[in-house]
Amino acid sequence: MGKFGDRLRAFSTNRWLVFVAAMWLQSMAGIGYLFGAISPVVKAALGYNQRQVAALGVAKDLGDSVGFFAGSLSAVLPSWAMLLIGAAQNFLGYGWLWLIVTRQAPALPLWIMCVLIFVGTNGETYFNTTALVTCIQNFPKSRGPIVGIMKGFAGLSSAILTQLYAVMHTPDHATLVFMVAVGPSLVAIGLMLIIRPVGGHRQVRPSDKNSFLFIYTICLLLASYLVGVMLVQDFMELSDNMVNFLTLILFILLILPIAIPVTLTLSSKTQHPTEEALLSEPSKGETSTSQEKEDQPEVILSEVEEEKPKDIDSLPPSERRKRIAELQTKLVQAAARGGVRIRRRPHRGENFTLMQALVKADFWLIWFSLLLGSGSGLTVIDNLGQMSQSVGFEDAHIFVSLISIWNFLGRVGGGYFSEIIVREHTYPRHVALAIAQILMAAGHFLFAMAWPGTMYIGTFLVGLGYGAHWAIVPAAVSELFGVKHFGAMYNFLTVANPAGSLVFSGLIASNLYDSEAEKQAQQHHMTALQSPRLLHNMGLLADGPLKCEGSVCFFVSSLIMSAFCVVGAGLSLIIVQRTKRVYAHLYRSVRT
């Protein structure tokens with residue numbers, strides 16, 4: 001019994017158990033990506049036009065991106081309290097929305113509806129913050145894979161919730177809103193005592209590489225399986241039993257990662273402190289830039305850059321550090337005599353505060369590139385319901401699910417391939433982002449053309465490129481501006497998402513859509529004067545919100561977004577040119 005108790009305690013404090021639980025939480029936390037399927041339900045129930053739907057979309061984007069409050073509370077509250085707050089906000093916002101959509105509560109003014117959407121979606125920031133901060137603390141030497149996988153599973157949420165909705169076999173589309181209100185909240189409450197820091201830095205094992213490989217395999221299997229299921233359900237009429245069976249396989253794939261902490265617990269042996277230290281030492285191939293920085297002085301005085309000889313950068317690392325240390329000593333002595341005033345001004349690759357980063361051109365280039373790329377991608381995600389319906393697809397759920405899967409692969413793949421670029425080629429990570437933005441430009445162009453099959457291809461390209469932004473940009477910012485104040489900088493970067501959505505969706509796409517819808521309504525009215533019975537039979541005289549039909553609805557807006565993605569790719573290449581020397585310095589030791 002004593003041995004079983006020890007095993008149970010070891011299992012409950014295993015960092016891989018926390019990681020798997022955080023994956024499950026994130027698989028329900030990306031509720032914002034389901035807005036494209038929810039918005040037609042809200043639009044039909046409340047009689048909104050596209051401008052009003054776009055306003056709700058911007059409120060959703062703000063709730064999803066403004067995480068300053070969650071970030072601040074994470075420093076003072078335990079993980080369980082953070083998850084409880086997020087669950088309460090999610091249930092309140094989307095629960096009330098469900099009551100309104102099902103007419104169990106009276107309709108509210110648009111601005112209050114925006115507040116409800118903001119509050120409900122903002123609960124996601126508590127889930128994300130808790131999962132990311134906890135897992136980074138437990139896996140301090142594997143931040144890249146951790147962030148990519150965590151953000152990837154958040155992007156998979158809409159596909160999972162949509163599949164759960166299919167299992168319910170109900171024609172009531174408002175049920176999807178109810179699932180968004182209840183599902184994430186229940187999962188967060190169920191896992192809130194598991195997701196916590198467990199001293200993961202003491203649990204580094206040689207088997208970690210194989211464990212991450214297993215997780216990546218599960219990710220690829222999940223994405224492939226979901227794509228296959230969604231396409232089969234779209235092109236074939238499946239029986240209820242078959243849908244239930246397919247969903248059961250989905251849950252088995254989601255549960256499979258629990259095998260890692262179970263296996264580690266059953267096969268683990270108590271380690272002596274000396275053996276723990278040896279296991280925690282990185283291998284030669286895992287030399288990181290942080291280790292190199294630990295051997296350097298924590299602060300490199302800005303005057304060193306002005307006073308050092310030009311040939312000092314060509315010296316071997318150990319000799320260069322020695323020469324810089326000698327020069328800094330002389331400067332400090334001069335400052336003590338009053339001969340020079342020492343200023344502490346960080347350089348790229350060192351720790352910046354948010355205010356110091358805001359005066360750097362590179363930071364703003366990254367921000368505007370993110371705004372153009374992710375903002376246009378988010379506009380597609382928010383308007384997928386109307387985009388698919390305008391070109392003749394009755395069910396938007398398939399495209400919402402598919403873009404969720406491509407978003408997932410973009411995040412996992414973007415982090416993986418950009419890591420190869422920086423570690424094996426010592427080249428800036430933004431090369432991968434420029435490629436992703438070109439793919440998005442092609443996707444927007446295909447949406448504009450509306451050729452047969454382009455909805456599927458465009459969804460693939462835009463989803464893949466959008467997801468890559470959120471694996472590449474956070475990693476790049478942590479490399480160029482340090483990790484000490486990364487939380488504040490990351491939260492500032494996320495504001496680019498709703499800002500881009502406000503421009504592309506709130507000002508461009510929605511206005512052009514409603515303009516075309518009004519033109520079509522006028523044409524229908526003129527035709528109604530000549531043949532009212534025919535149009536009544538076609539349903540064109542029915543009361544309801546304006547509806548646009550045909551490729552013209554999003555033609556101009558898609559071309560505009562395609563052009564701005566090309567501009568974003570240009571900004572990314574400028575960042576590459578400006579930071580080549582920085583990356584060559586940061587990853588020089590890794591390549592050698």
Side-chain angles (χ1 to χ4, degrees), residues 5-29 67-87 123-154 184 187-205 207-208 211-212 215 257-258 260-265 268 270-271 273 276-277 279-282 286 288 290-291 294 351 474-475 478 482-491:
D6 291 340
R7 295 287 187 186
L8 188 61
R9 278 192 295 274
F11 178 74
S12 66
T13 57
N14 190 295
R15 65 175 183 167
W16 283 99
L17 173 65
V18 178
F19 181 45
V20 172
M23 287 168 52
W24 292 340
L25 174 67
Q26 289 295 88
S27 69
M28 284 286 186
F68 296 112
F69 198 50
S72 301
L73 286 178
S74 66
V76 295
L77 291 180
S79 300
W80 65 265
M82 292 284 292
L83 294 179
L84 201 58
I85 294 173
E124 181 181 336
T125 63
Y126 289 87
F127 301 153
N128 287 331
T129 301
T130 304
L132 286 173
V133 171
T134 300
C135 288
I136 286 175
Q137 289 176 352
N138 289 333
F139 292 83
K141 295 182 180 180
S142 306
R143 297 181 185 183
I146 289 297
V147 173
I149 293 169
M150 287 289 101
K151 298 296 287 183
F153 270 86
V187 171
I189 292 173
L191 299 174
M192 66 182 185
L193 297 180
I194 299 176
I195 301 175
R196 68 204 190 282
V198 290
H201 62 282
R202 296 189 299 270
Q203 299 183 27
V204 179
R205 295 292 182 270
S207 60
D208 286 348
S211 298
F212 276 116
I215 295 293
I258 197 66
I260 296 175
V262 170
T263 303
L264 289 175
T265 301
S268 65
T270 306
Q271 305 288 348
E276 286 278 345
L279 285 171
S280 299
E281 268 189 51
E286 295 172 336
S288 66
S290 61
Q291 289 173 287
E294 286 172 3
N351 286 320
S478 69
V483 297
K484 188 174 182 180
H485 302 284
F486 171 71
M489 286 183 281
Y490 174 75
N491 278 318

Test side-chain contact (heavy atoms from CB on, under 4.5 Å) on V262 and L17 and set out the steps. CA-CA 8 Å; V262 170; L17 173 65; over 6 Å; no
Would a line drawn from the ring center of W16 to the ring center of F139 be shorter than 6.0 Å? yes
What are the two closest non-hydrogen atoms of [X] and [Y], and how far apart are they?
X    : Y    : result
I215 : P257 : CD1-CB, 3.8 Å
I189 : A87  : CG1-CB, 4.1 Å
T125 : A70  : OG1-CB, 3.7 Å
N128 : A154 : OD1-CB, 4.4 Å
G86  : Y126 : CA-CB, 3.8 Å

Check whether R196 reaches the backbone of W80 with its side chain - one donor and one acceptor, N or O, closer than 3.5 Å.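 No, R196 side chain to W80 backbone: no donor-acceptor pair under 3.5 Å.
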Short question: side chain of N14, backbone of T265 - any donor-acceptor pair under 3.5 Å?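 The answer is no, because no donor-acceptor pair under 3.5 Å joins these two groups.
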Check the pair I258 / W24 against side-chain contact (heavy atoms from CB on, under 4.5 Å), numbers first and verdict last. CA-CA 10 Å; I258 197 66; W24 292 340; 4.0 Å; yes
So how far is it from [X] [atom1] to [Y] [atom2], rounded to the nearest 0.5 Å?
X    : Y    : atom1 : atom2 : result
S79  : I195 : OG    : CD1   : 8.0 Å
C135 : M23  : SG    : CE    : 9.5 Å
Q26  : K151 : CD    : NZ    : 7.0 Å
F127 : M28  : CZ    : CE    : 11.0 Å
S12  : I194 : OG    : CD1   : 9.5 Å

Among T130, L193, L77, T129, which one satisfies side-chain contact (heavy atoms from CB on, under 4.5 Å) with L83?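 With L83 as partner, T130, L193, L77, T129 yield a single side-chain contact (heavy atoms from CB on, under 4.5 Å), made by T130.
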Between F19 and I149, is the side-chain contact (heavy atoms from CB on, under 4.5 Å) condition met? List the steps. CA-CA 10 Å; F19 181 45; I149 293 169; 3.9 Å; yes
Walk me through whether D208 and R15 qualify under side-chain contact (heavy atoms from CB on, under 4.5 Å). CA-CA 11 Å; D208 286 348; R15 65 175 183 167; 2.4 Å; yes
